[in-house]
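Contents: one structure, followed by commentary.
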Amino acid sequence: MTEDNFSSKQTRFTPIPKTEAELLNRCEIMAGQTLGQIAFKLSMTVPEDLRLHKGWVGHLCENYLGANAGDRAEPDFLDIGVELKTLPVDAHEKPKESTYVCTMPIRQIDAYSWQNSWVKRKLSRVLWVPVEAARDIPLAERYVDNFWIWRPSFAEECSLQRDWEELMDRIVLGEQAEITSQEGEYLHIRPKAANSLVLVRGMSNGHTSAFIIPKGFYLRTSFTGPLLHQSLYN
DNA sequence: CTATGATCATGA
DNA sequence: TCATGATCATAG
């Protein structure tokens with residue numbers, strides 16, 4: 001630990017939580033505040049809207065809670081192995097968007113198994129933080145709702161594993177280019193790039209090298225919706 | 001360039 | 001209305 005006693009993101013405000021309890025205490029303080037109130041405490045400015053700042057809410061929460069993984073392919077809270085996900089919710093308390101998990105493997109497809117997968121690792125312990133996201137509420141006035149820590153149940157993990165294995169089979173067969181977002185009941189694969197002109201070398205038509213758009217794994221709202229619903233009635 | 005954080009915008 | 005495909009910012 002050098003200067004790592006604080007979050008690496010733009011502000012140095014929150015100590016890195018060392019235990020799950022510390023993290024949850026911090027969440028308790030954050031929940032029930034508006035994004036504007038939280039931003040003020042962090043000396044962060046609230047953008048007009050999210051069009052040019054799509055990751056702003058996530059970064060705001062990382063900052064306030066003291067996440068320390070930076071942009072590493074690791075859980076946000078390294079010391080306690082917790083991944084933070086903000087969840088945009090509409091006026092009916094339903095997730096408004098799918099949830100990004102990680103990038104689709106493009107080269108390192110070696111020795112793949114669900115148990116060792118990036119998806120499973122990232123989703124093994126998630127701190128869900130619902131945030132109001134209705135467009136008609138000004139960004140600064142949107143409230144952070146009640147958070148919860150989630151570990152996949154046996155059934156939930158089975159569902160994810162089934163989707164993941166199906167998708168990975170396609171990848172192993174050299175069909176990265178052909179995968180569409182229609183595949184996968186709860187976990188699916190969609191483009192994840194700056195724009196559609198960004199291309200990387202991948203596989204198409206069964207092991208034919210081709211330039212394809214980078215893609216990522218996402219959780220559908222049909223998966224996160226029930227999680228949110230359960231959390232509200234606990 | 002690849003990872004992080006996601007939401008936007010449009011057609012069906 | 002909503003899911004799919006497209007897109008935006010930024011760090012290292």
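We name chains A, B, ... by the order of the sequence lines, and we start the count at 1 in each one. Values reported hereafter were calculated over all heavy atoms of this structure, with side chains retained and with hydrogens, waters and symmetry mates removed.
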**Message:** Any base atoms under 4.0 Å from A:V200, or only sugar-phosphate, or nothing? Heavy atoms, all strands.
**Reply:** sugar-phosphate
**Atom-pair distance (CG on A:L87; P on B:dG5), nearest Å** = 14 Å
**5' priority, DNA chain C, between A:I189 and A:K94 [closest heavy atom]** = A:K94
**Message:** On DNA chain B, does the nearest nucleotide to A:A133 precede the nearest nucleotide to A:M104 from the 5' side, or the other way round? Give the residue.
**Reply:** A:M104
**Item:** Face-on cation placement of A:R190 at A:Y218 ring, 6.0 Å and 45° thresholds
**Value:** yes
**Request:** Take the angle between the ring planes of A:W128 and A:W148 and call it parallel below 30°, perpendicular above 60°, tilted in between.
**Result:** parallel
**Message:** Within 45 degrees of the ring normal and closer than 6.0 Å to the centroid, is that where the cationic atom of A:K41 sits relative to A:Y64?
**Reply:** no
**Asked** Nearest to the side chain of A:Q182 - B:dC8, C:dT4, B:dT4?
**Response** C:dT4
**Item:** Side-chain donor/acceptor of A:Y218 to base of B:dA6, under 3.5 Å
**Value:** yes
**Item:** Any A:S181 side-chain nitrogen or oxygen under 4.0 Å from OP1 or OP2 of C:dG5
**Value:** yes
**Message:** I'd like to know if A:K192 reaches the base of B:dT4 with its side chain, counting only an N/O donor and acceptor under 3.5 Å.
**Reply:** yes
**Request:** Evaluate whether atom NE2 of A:H92 has more than 12 neighbouring non-hydrogen atoms of other residues, nucleotides or ligands under 6.0 angstrom away.
**Result:** no
**Request:** Would you kindly check whether a donor in the side chain of A:K96 faces an acceptor in the base of B:dT7, or vice versa, at under 3.5 angstrom?
**Result:** no
**Request:** Using a 4.0 Å heavy-atom cut-off across all strands, classify A:T99 as base, sugar-phosphate, or nothing.
**Result:** nothing
**Pairwise 5' ranking along DNA chain C for A:E183 and A:A194, keeping only the more 5' one** = A:E183
**Request:** Hey, which sits more toward the 5' end of DNA chain B by its nearest nucleotide, A:P88 or A:P214?
**Result:** A:P214
